[in-house]
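Encoded as structure tokens, the structure appears first; notes follow it.
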Amino acid sequence: MSFLLHGVGVSEGIAIGHAHLASPATLDVTHYLLPRNQIDHEVERLKHAFATVRLELETLQASVSEGPAFAEFNAFIELHHMILDDPTLSDSAVNCIIQTQCNAEWAIHQQMEVLIAQFEAIEDAYLRERKADVTQVVERILKVLLGLPGYIPPPLKHDGSSILVAHDLSPADVMQYKQHQFAAFLTDLGGITSHTAIVARSLNIPSIVAMQHAHQIIYNNDLLIVDGSRGIVIVNPDKHILAEYRLKKNQLDLEKRKLKRLRTLPTITLDGSIIELHANIELPQDIGPVKESGAAGIGLFRSEFLFLNRDNLPCEEEQFEAYRVVAESMQEMPVTIRTFDLGADKNLKHTIHRAATNPALGLRAIRLSLAEPVMFLTQLRAILRASAYGNVRILIPMLSGDFEIAQTLQCIEQAKQQLREAHQPFDEAIPVGGMIEIPAAALCIASFIRKLDFLSIGTNDLIQYTLAIDRVDETVAHLYDPLHPAVLWLLSKIIHSANLENIPVSLCGEIAGDIQYTRLLLGMGLKQFSMYPAQILTIKQEILKSHLPLIRPLTKRF
Ligand code: PEP
Ligand code: MG
């Protein structure tokens, strides 16, 4: 019987193949009591399971040493190591065995629930989702205790046509599946910001999460069509649908191959306007894909991502190294380093974080940096020092007005003076730009243009603040509308004003990499776009086909 299932597509593309069901998580553990003389043995059994999983993770880590997803993968493995070493899990489970004389499986399962309850109480949505990592680590321990085979089943076919269907997957599992060459994967659980989704996107495998009960409805070896762009799975399609999707898939594959040819072409519209396509990055390791994409520079280096998974603030040396590596490897191309955009949904683990009623409106980004001058000056010195090694620019997030701009420029001058006194080289003329992501900044754009060297429009936040829609709240996601007339009016005003004064303006929010907005933005006069490397060639192709004199009149009314 043929039927259709819906989920949330997290990685685009079409895959056609046979279902390969991963074994379900074995968390239904039984409880039994042990005689006193077996307690020591039971504790040893648990410790042995921990040691085996530790080894498993180390082996996994050693097996992946390069590739675009390496950085994320490493971070996930580190996180799983941390969970494994957390005394709330290990010591408490041992105590539970000793005190209640229960079996190891039951003890570890109980402690998992304690840890999960702690994660569930966390306000931050991203951190809350990490409870899935706790479950994944405990699953591994349980598998060892129960003597079950390794979690990763090899695919039935080795021609890359098997589609993995699982209840839930850890990022580490996804990495292993990559080596097994699965064509796509589907999971019952997971959200758009789950680790698994993040790794999937960087691996470029079509994938869909939040499929609810797919794992129970789909049988091993069912024929599946996975449409990652639309978030749908067609189970046992009839021959007409299959033929249609085969055609669609071939077309997509062909287009992808053809796109690569555009890599070295200049980005020029049909009427001869030069457009710059830059890349957004989060880590120095992202430089590989940036080079492959043919990007003309880094338009947004979200520096705060370097240090989110840690307790302490990075020292100047450590930051300098990270910025220098990127600056040097991009040679003379611009590298736009955004100062920490911490606060709201991005917080260092234990520092500077305080619960706020409306965190997105609170001590975030430049507000936090100005409130923590030691942290800010340390970062500014590190960026300035890296400017001696490449074409570095400083970008300030979430500026709202004159006073903040003046304070920021003063801090930059102070950092420069400190470096001069220490005889450290840096670029005296380093350009300083501002993110335009608060409506007030857009409305008072003239003042930003007078005081800064360049602008970068952050539509992710500009839309959030203009429409009063929390960008991480899925219950109001349907109201998050980049085409709202108010948003279009602000965008048009920013771009037009900047062009009039000849100040470079870029757009680095998600819509820069979304082809449905490319012509609109070109028509408004945008000349610089910044996006994830994987989106660059698609956008370039759209630009090469565009003729600005034909598009411009259509956007005049904004
Ligand atoms: C934006 O707000 O559009 C932006 C690029 O910054 P971030 O997504 O990091 O807030
Ligand atoms: Mg932003």
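Between I287 atom CD1 and Q285 atom CD the span is 9.5 Å, to the nearest 0.5 Å. Atom CG of L89 is separated from atom CD1 of I141 by 5.0 Å, given to the nearest 0.5 angstrom. Interatomic distance, H109 NE2 to N103 CG, rounded to the nearest 0.5 Å: 11.5 Å. Expressed to the nearest 0.5 Å, how far OG1 of T538 lies from CD1 of I515 amounts to 6.5 Å. To the nearest 0.5 Å, the span separating CD on E244 from CG on L242 amounts to 10.5 Å. Atom CG of L554 and atom CG of L522 lie 12.0 Å apart (nearest 0.5 Å).
Inter-residue side-chain proximity for I225 and I163 is flagged as unmet; no heavy-atom pair is nearer than 4.5 Å. The side-chain heavy atoms of L488 and M524, taken from C-beta on, include a pair separated by under 4.5 Å. Q528 places none of its side-chain heavy atoms less than 4.5 Å from the side chain of V505. Contact check for V144 versus F50: no side-chain heavy atoms found under the 4.5 Å cut-off. Put simply, the side chain of V290 reaches to within 4.5 Å of the side chain of M330, judged on heavy atoms. By the 4.5 Å heavy-atom criterion applied to side chains, L186 and I218 are counted as neighbours. By the 4.5 Å heavy-atom criterion applied to side chains, L483 and V487 are not counted as neighbours. With a 4.5 Å cut-off on side-chain heavy atoms, V226 and I16 do not count as touching.
In this structure, T466 contributes its side chain and I463 its backbone to no donor-acceptor pair below 3.5 Å. Side chain of D514 to backbone of Y517: no donor-acceptor contact under 3.5 angstrom is found. A distance-only check finds no donor-acceptor pair linking the side chain of S546 to the backbone of L548 [under 3.5 Å]. Counting only distance, with no hydrogens or angles, the side chain of D286 and the backbone of L283 share a donor-acceptor pair below 3.5 Å. A donor-acceptor pair under 3.5 Å is formed between the side chain of D222 and the backbone N or O of Y219. Under a 3.5 Å cut-off, the side chain of N358 and the backbone N or O of A360 do not form any donor-acceptor pair. Distance alone, capped at 3.5 Å, is enough to place a donor-acceptor pair between the N220 side chain and the L21 backbone. Panel note: side chain R140, backbone R54; no donor-acceptor pair is recorded below 3.5 Å. Not one N or O on the side chain of S293 forms a donor-acceptor pair closer than 3.5 Å with the backbone of A534. Between the side chain of S329 and the backbone N or O of V326 there is at least one donor-acceptor pair closer than 3.5 Å.
The minimum heavy-atom distance linking M435 with P397 is given by the pair CG-CA, 3.5 Å. In terms of heavy-atom proximity, G523 sits nearest to I551 at CA-CG2, 3.7 Å. Minimum heavy-atom separation, M112 to T135: SD-CA, 4.1 Å. In plain terms, the two heavy atoms of I539 and M531 that are nearest each other are CG1-SD, 3.5 Å. Shortest non-hydrogen contact noted between L265 and K540 is O-NZ, 2.7 Å. Annotation for L462 and P439: closest pair CD1-N, 3.8 Å, computed over non-hydrogen atoms.
With salt bridges taken as basic N to acidic carboxylate O contacts below 4.0 Å, none links E292 and K260. A salt bridge does not link K248 with D253: none of the charged nitrogens is closer than 4.0 Å to a carboxylate oxygen. Using a 4.0 Å cut-off between a side-chain N of Lys or Arg and a carboxylate O of Asp or Glu, K131 and E120 qualify as a salt bridge.
Residue I495 forms a side chain to side chain contact (heavy atoms under 4.5 Å, CB included) with just one option from I436, L490, I457, and that option is I457. When each of I536, T267, I275, L507 is checked for a side chain to side chain contact (heavy atoms under 4.5 Å, CB included) with F529, only I275 meets the rule.
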Step-by-step salt bridge (Lys or Arg N to Asp or Glu O under 4.0 Å) determination, D341 to R302: CA-CA 8 Å; D341 181 0; R302 288 181 162 102; over 6 Å; no

Given Y532 and E282, is the side chain to side chain contact (heavy atoms under 4.5 Å, CB included) satisfied, shown in steps? CA-CA 10 Å; Y532 278 109; E282 272 121 37; 2.5 Å; yes

Quick one, E105 with R45, criterion salt bridge (Lys or Arg N to Asp or Glu O under 4.0 Å). Give me CA distance, side-chain angles, the key distance, then yes/no. CA-CA 10 Å; E105 291 87 349; R45 205 165 70 83; 2.9 Å; yes

Before giving the answer on side chain to side chain contact (heavy atoms under 4.5 Å, CB included), spell out for I205 and F182 the whole-Å C-alpha distance, their side-chain angles and the decisive distance to 0.1 Å. CA-CA 8 Å; I205 305 169; F182 280 99; 5.9 Å; no

Does the side chain to side chain contact (heavy atoms under 4.5 Å, CB included) test come out yes or no for L300 and I281, once each step is laid out? CA-CA 6 Å; L300 174 65; I281 64 164; over 6 Å; no

Start with the C-alpha distance between N460 and E437, add both sets of side-chain angles, then the distance that settles side chain to side chain contact (heavy atoms under 4.5 Å, CB included), and finish with yes or no. CA-CA 8 Å; N460 303 342; E437 46 188 353; over 6 Å; no

With side chain to side chain donor-acceptor pair (under 3.5 Å) as the test, would you mind laying out the steps for D133 and H80 before giving the verdict? CA-CA 7 Å; D133 294 276; H80 283 203; 2.9 Å; yes

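H278 and E276 share a side-chain donor-acceptor pair at under 3.5 Å. Side chains of H213 and D188: no donor on one and acceptor on the other come within 3.5 Å. Using modelled atom types, one finds a donor on one side chain and an acceptor on the other under 3.5 Å when comparing N280 with S530. For the 3.5 Å distance criterion, the side chains of D227 and Y245 qualify, holding a donor opposite an acceptor.
Heavy-atom contacts from other residues, nucleotides or ligands closer than 6.0 Å to CD1 of I274 number 12 or fewer. With a 6.0 Å radius and a threshold of 12 heavy atoms from other residues, nucleotides or ligands, Q118 has its CD atom above the threshold. Other residues, nucleotides and ligands contribute more than 12 heavy atoms inside 6.0 Å of the CZ atom of F3. Applying the 6.0 Å contact sphere to NZ of K258 captures no more than 12 heavy atoms from other residues, nucleotides or ligands.
Under the 30°/60° scheme for interplanar angles, the aromatic rings of H31 and W106 are found to be tilted.
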